[in-house]
2 protein chains.
Amino acid sequence: MKISELAKRADISAHTIRYYEKLGLLKPTQRSESNYRIYTNDDVVTAKFIKRSKECGFSLAETSTLLAIKNDKSQHVCAEAKNMTSSKIVEISEQIAKLKRMQSTLQELEVLCCGGQESAEFCSIISNLEKVV
Amino acid sequence: MKISELAKRADISAHTIRYYEKLGLLKPTQRSESNYRIYTNDDVVTAKFIKRSKECGFSLAETSTLLAIKNDKSQHVCAEAKNMTSSKIVEISEQIAKLKRMQSTLQELEVLCCGGQESAEFCSIISNLEKVV
DNA sequence: CTTGACCTTAGATGTTACTCTAAGGTTTAT
DNA sequence: ATAAACCTTAGAGTAACATCTAAGGTCAAG
């Protein structure tokens, strides 16, 4: 199949597929006489693998590492995949914690402010951000 | 005070302060004879305002809008600040929801995998990412 | 009076993940 | 046969937020 067919099947744009190729994540099995990229069903699996990896929060660099495991399983061990997964869980937990801190600060600010058409002269959101800590 | 003093007091690098100036967020009140940036205590307040705004999750562009309110309060109303705050809370809630989805997917993958020195041939993390959906 | 710390500028670089453009060649359907 | 749809490439642009570099000027202390 050509690139647009792969794009449709994996739900990734053709542009992005070429970009992934440039990064070495997804090389077409062969080229047609007219130099078009020709993909196989295996490439569809790989493309979806990349997509799911991204949906789990892995960067493209990390996805590249996971692909290396996938593409040569006998040369890798479970610990590699599990360690990456565990680290990512920790990383995501930290991000969630940070966002929750932001959220609660914002909620404190939100309830203080009347939100009306009054001049911002005494707006508690602004004055709280101004406050010298 | 000069830039390094402001940097220390606001806990922002001198580089970043110059960058903020380029974006129009924080202009020094005046320049010394030798063209050094001279800051006042008000500039320290503004620098800290920017820092706190960022800690609440506002981008520099949004921070710029908040600064415009702060710097000319009589021309603005509470609703502006409150709307920005409410939108940001929604935005952050969505980010948290997304991260939680990632987290639970990762946790499902993590418990399935033995994590040992076994070959990745049957690694359930890899095979789950490979699975055609 | 000189050394080291501090200051200046424009502009390049880095990160992540695309997204788009220009200029052109190929294929397919009517 | 010709128009529409598809393909190719290198490289530029975007977003967000810095961070660094080079090449040089200024200032305070010993």
Side-chain angles (χ1 to χ4, degrees), chain A residues 1-39 43 46-67 84 87-88 91-92 95 98-99 102, chain B residues 1-39 43 47 49-67 84 87-88 91-92 95 98-99 102:
Chain A
M1 78 196 74
K2 282 179 285 186
I3 198 166
S4 62
E5 175 73 15
L6 173 62
K8 196 170 28 168
R9 288 219 221 163
D11 193 27
I12 303 176
S13 81
H15 268 304
T16 301
I17 291 168
R18 288 193 201 96
Y19 173 68
Y20 288 169
E21 181 178 339
K22 197 157 70 181
L23 298 185
L25 299 186
L26 178 58
K27 288 180 193 107
T29 315
Q30 53 164 307
R31 292 284 185 134
S32 76
E33 283 178 10
S34 52
N35 202 33
Y36 285 10
R37 291 168 175 85
I38 303 296
Y39 298 95
D43 295 324
T46 302
K48 288 186 175 178
F49 183 102
I50 295 170
K51 201 176 180 207
R52 271 196 294 281
S53 169
K54 291 223 62 215
E55 283 163 3
C56 287
F58 291 109
S59 70
L60 291 177
E62 289 160 343
T63 296
S64 180
T65 304
L66 287 171
L67 273 174
M84 287 184 67
S87 307
K88 187 55 69 178
E91 201 183 291
I92 288 179
Q95 283 178 44
K98 188 179 170 192
L99 288 171
M102 288 179 180
Chain B
M1 77 197 73
K2 282 179 285 186
I3 198 164
S4 63
E5 174 72 14
L6 174 62
K8 195 170 29 169
R9 289 220 220 161
D11 193 27
I12 303 177
S13 80
H15 268 304
T16 300
I17 291 169
R18 288 193 201 95
Y19 173 68
Y20 287 171
E21 180 178 341
K22 198 157 68 179
L23 298 185
L25 299 185
L26 179 58
K27 288 179 194 107
T29 314
Q30 54 163 306
R31 292 284 185 134
S32 75
E33 284 178 10
S34 52
N35 202 32
Y36 286 8
R37 291 168 176 85
I38 303 296
Y39 297 96
D43 295 324
F49 182 101
I50 295 170
K51 199 177 183 209
R52 272 197 293 282
S53 170
K54 291 223 64 216
E55 284 164 2
C56 287
F58 291 109
S59 70
L60 291 177
E62 289 160 342
T63 297
S64 180
T65 303
L66 287 171
L67 274 173
M84 286 184 68
S87 306
K88 188 55 70 179
E91 201 183 293
I92 288 180
Q95 283 178 45
K98 188 179 168 191
L99 288 170
M102 288 178 179

> Atom CD1 of B:I17 and atom P of D:dT19: how far apart are they, to the nearest Å?
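Going from CD1 in B:I17 over to P in D:dT19 covers 12 Å.
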> Return the value, rounded to whole Å, for the distance between atom CG of B:N35 and atom C1' of D:dT26.
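One finds 11 Å between C1' of D:dT26 and CG of B:N35, rounded.
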> Minimum heavy-atom separation for B:E62 to B:M84, with atom names?
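Smallest interatomic distance, heavy atoms only, reads O-CE, 3.5 Å.
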> Measure the spacing between OH of B:Y20 and OG1 of B:T63 and express it to the nearest 0.5 Å.
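With rounding to 0.5 Å, OH (B:Y20) is 7.5 Å from OG1 (B:T63).
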> Evaluate side chain to side chain contact (heavy atoms under 4.5 Å, CB included) for A:L26 paired with A:L6, printing each intermediate quantity in order.
CA-CA 11 Å; A:L26 178 58; A:L6 173 62; 4.2 Å; yes
> Contact class for A:L23 vs. all strands (heavy atom < 4.0 Å): base, sugar-phosphate, or nothing?
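If one applies the 4.0 Å heavy-atom cut-off, A:L23 turns out to touch nothing in the nucleic acid.
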> Of the options D:dC7, D:dG11, D:dC17, whose atoms approach the side-chain atoms of A:K22 most closely?
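Shortest atom-to-atom distance from the side chain points to D:dG11.
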> Check this for me, if you would: do A:R52 and A:E55 make a salt bridge, where the nitrogen-to-carboxylate-oxygen distance has to be below 4.0 angstrom?
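Salt bridge: no.
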> Hey, which sits more toward the 5' end of DNA chain C by its nearest nucleotide, B:I38 or A:T16?
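Residue closer to the 5' terminus by nearest nucleotide: B:I38.
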> Write down the atom of A:P28, the atom of A:I38, and the distance for their closest heavy-atom approach.
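Looking at all heavy atoms of both residues, the shortest contact is CB-O, 3.6 Å.
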> Rounded to whole angstrom units, what separation is found between the CG atom of B:L25 and the P atom of D:dA16?
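For the pair B:L25 CG and D:dA16 P, the rounded distance is 13 Å.
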> Measure from CZ on A:R31 to P on D:dC7 and round the result to the nearest Å.
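Distance check: A:R31 CZ to D:dC7 P gives 12 Å.
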> Could you check B:S13 against A:R37 and say which one's nearest nucleotide on DNA chain D is further toward the 5' end?
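So the residue in question is A:R37.
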> Quickly work out the B:K54 NZ to D:dC17 C1' distance and round it to whole Å.
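In whole Å, D:dC17 C1' lies 6 Å from B:K54 NZ.
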> Rounding to an integer number of Å, can you tell me how far B:E91 CD sits from D:dA16 P?
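My rounded result for the distance is 10 Å.
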> Between B:R31 and B:E21, is there a salt bridge with N-O shorter than 4.0 Å?
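Salt bridge: yes.
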> Using heavy-atom distances to pick each residue's nearest nucleotide on DNA chain D, tell me which of A:E21 and B:E33 is more 5'.
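In this pair, the answer is A:E21.
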> How many whole angstroms separate atom NE2 of A:H15 from atom P of D:dG13?
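These atoms are roughly 16 Å apart.
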> Taking any atom under 4.0 angstrom from a heavy atom of chain B, which nucleotides of DNA chain C are the first and last to qualify, 5' to 3'?
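Listing 5' to 3', DNA chain C meets chain B from C:dC6 to C:dT9.
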> If you measure from NZ on A:K2 to OG on A:S32, what distance do you get to the nearest 0.5 Å?
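Atom-to-atom, A:K2:NZ and A:S32:OG are 7.5 Å apart.
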> Below the 4.0 Å mark, does D:dC17 have OP1 or OP2 next to a side-chain nitrogen or oxygen of B:Y20?
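So the side chain of B:Y20 is outside the cut-off, no N or O lying under 4.0 Å from OP1 or OP2 of D:dC17.
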